[in-house]
Number of protein chains: 2
Amino acid sequence: MSRPLDDTDRAMLRALVADGRQTVRALAKVVGLSEPSVRDRLQRLERDGVIEGYHAELAPTEVEAGTAAFVALRFDPSKQAKDAMNKALTHEPCVLEVHEVAGEDCYLVKVRVSSTEALADTLDRIRAMPSVHSTNTTIVLRTILERPLLPR
Amino acid sequence: MSRPLDDTDRAMLRALVADGRQTVRALAKVVGLSEPSVRDRLQRLERDGVIEGYHAELAPTEVEAGTAAFVALRFDPSKQAKDAMNKALTHEPCVLEVHEVAGEDCYLVKVRVSSTEALADTLDRIRAMPSVHSTNTTIVLRTILERPLLPR
DNA sequence: GTTGAAAGAGCATAGTT
DNA sequence: AACTATGCTCTTTCAAC
């Protein structure tokens, strides 16, 4: 196991979630420690898997993904069918999230596509996946808030 | 308006979504152009708002956010109530996404918390917000897939 | 769009307390 | 786990093509 995070770790994480490209020097200024110390901590956070990666955030409308929707999926919940579903959904680039949820629906799937027409095509492909019983799609009219996970 | 993205732009975007901290030099190798060209394109993508930012991705279980849930919110859909709701939800750190959706529910809210107990507390706070009629919460048992938006 | 060069900023690796 | 000091890499900004 890894040590619990202290206040300095959390300050670094918050800074890196806000700006993932900032330099170690800038981080050192933020937390008030020397560069090597901050670098050691950063490497530890990365090695311990607290930081899973760094990603550019793209504007959905600029990359033909201005339409979002959530698809509640029901399907045969056998282990085999699940594995096949996971693989098939992962191969759909517009499928951004898949959550196994409690309740009558098996999966809750978040998709981002260019238009409602593209959404229709995506839904056709999802419904054509083996063992799918039904889909119930909720279209997003407007995204009010979408932000990355912050520490504590 | 800005120019449409070409294949080089998209290659750069894909590389930066996969690793948002890589250097211009590394990017130049990926797309097969010189550093100055890549740097010019990168600055354009940032200025045009195609790239909205760079963020560290944190492991939910490592930052006390191992429990996810989706909350379907119904409330008085007046403009005034909406503004108040948006503000109140934004002030909840565990609320990561808020989507205004079509259908009977007004908002679909994604939350990440440390435990089901913390989820109960969060739901109490959401239900206590002015004009809320009802909430319907779906707990995530397992997140199968969660990935950032990629270009086309 | 390219190459090349020079200056500054940032990073990594020590050795020390 | 923190610091200072040093060499090295990368970035940045020119120029000229």
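Proteins come first, then strands; the chains are lettered A, B, ... in the order of their sequence lines, and each starts at number 1. All heavy atoms count here, side chains included; hydrogens, waters and symmetry mates do not.
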- Message: For B:F75, give me all partners under ring pair (Phe, Tyr, Trp, His ring centres under 6.0 Å), at least two apart in sequence or on another chain.
- Response: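 Expected list: B:Y107.
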- Item | Closest listed nucleotide, where the reference is the side chain of A:L33 and the choices are C:dG4, D:dC3, C:dC11 |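 Selected nucleotide (nearest to the side chain): D:dC3.
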- Task: Please tell me which of the listed nucleotides, C:dT13, C:dT3, C:dC11, lies nearest to the side chain of A:E35?
- Result: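 In terms of side-chain proximity for A:E35, the closest of C:dT13, C:dT3, C:dC11 is C:dC11.
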Let me know the distance between [atom1] of [X] and [atom2] of [N], rounded to the nearest Å.
X: B:R21; N: D:dT9; atom1: CZ; atom2: C1'; answer: 15 Å
X: A:D6; N: D:dA2; atom1: CG; atom2: C1'; answer: 13 Å
X: B:K29; N: D:dC10; atom1: NZ; atom2: C1'; answer: 12 Å
X: A:R41; N: C:dC11; atom1: CZ; atom2: C1'; answer: 19 Å
X: A:D7; N: D:dA1; atom1: CG; atom2: P; answer: 15 Å

- Counterpart residues, salt bridge (Lys or Arg N to Asp or Glu O under 4.0 Å), relative to A:K82 (two or more places apart):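 Only A:E100 meet the salt bridge (Lys or Arg N to Asp or Glu O under 4.0 Å) criterion with A:K82.
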So does [X] get a side-chain nitrogen or oxygen closer than 4.0 Å to the phosphate oxygens (OP1/OP2) of [N]?
X: A:S34; N: D:dA2; value: no
X: A:R39; N: C:dT13; value: yes
X: A:R3; N: D:dA1; value: yes
X: A:T23; N: C:dA9; value: no

Presence of salt bridge, [Y] and [X], under 4.0 angstrom:
X: B:D9; Y: B:R152; value: no
X: B:D83; Y: B:K79; value: yes
X: A:E146; Y: A:R112; value: yes
X: B:E97; Y: A:R147; value: no

- Task: By nearest nucleotide on DNA chain C, pick out whichever of A:R25 and A:D40 is the more 5' one.
- Result: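 Of the two residues, A:R25 wins.
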- State, without any angle test, whether A:H55 and A:E57 hold a side-chain donor-acceptor pair at a distance under 3.5 Å.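 No, because no side-chain N or O of A:H55 sits under 3.5 Å from a partner of the opposite role on A:E57.
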- Would you mind classifying the nucleic acid contact of A:R44 as base, sugar-phosphate or nothing, using non-hydrogen atoms under 4.0 angstrom?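 Touches nothing.
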- Message: So if I take residues 12-19 of chain A and measure heavy-atom distances to DNA chain C, which residues fall below 4.0 Å?
- Response: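 Here the set is empty: none.
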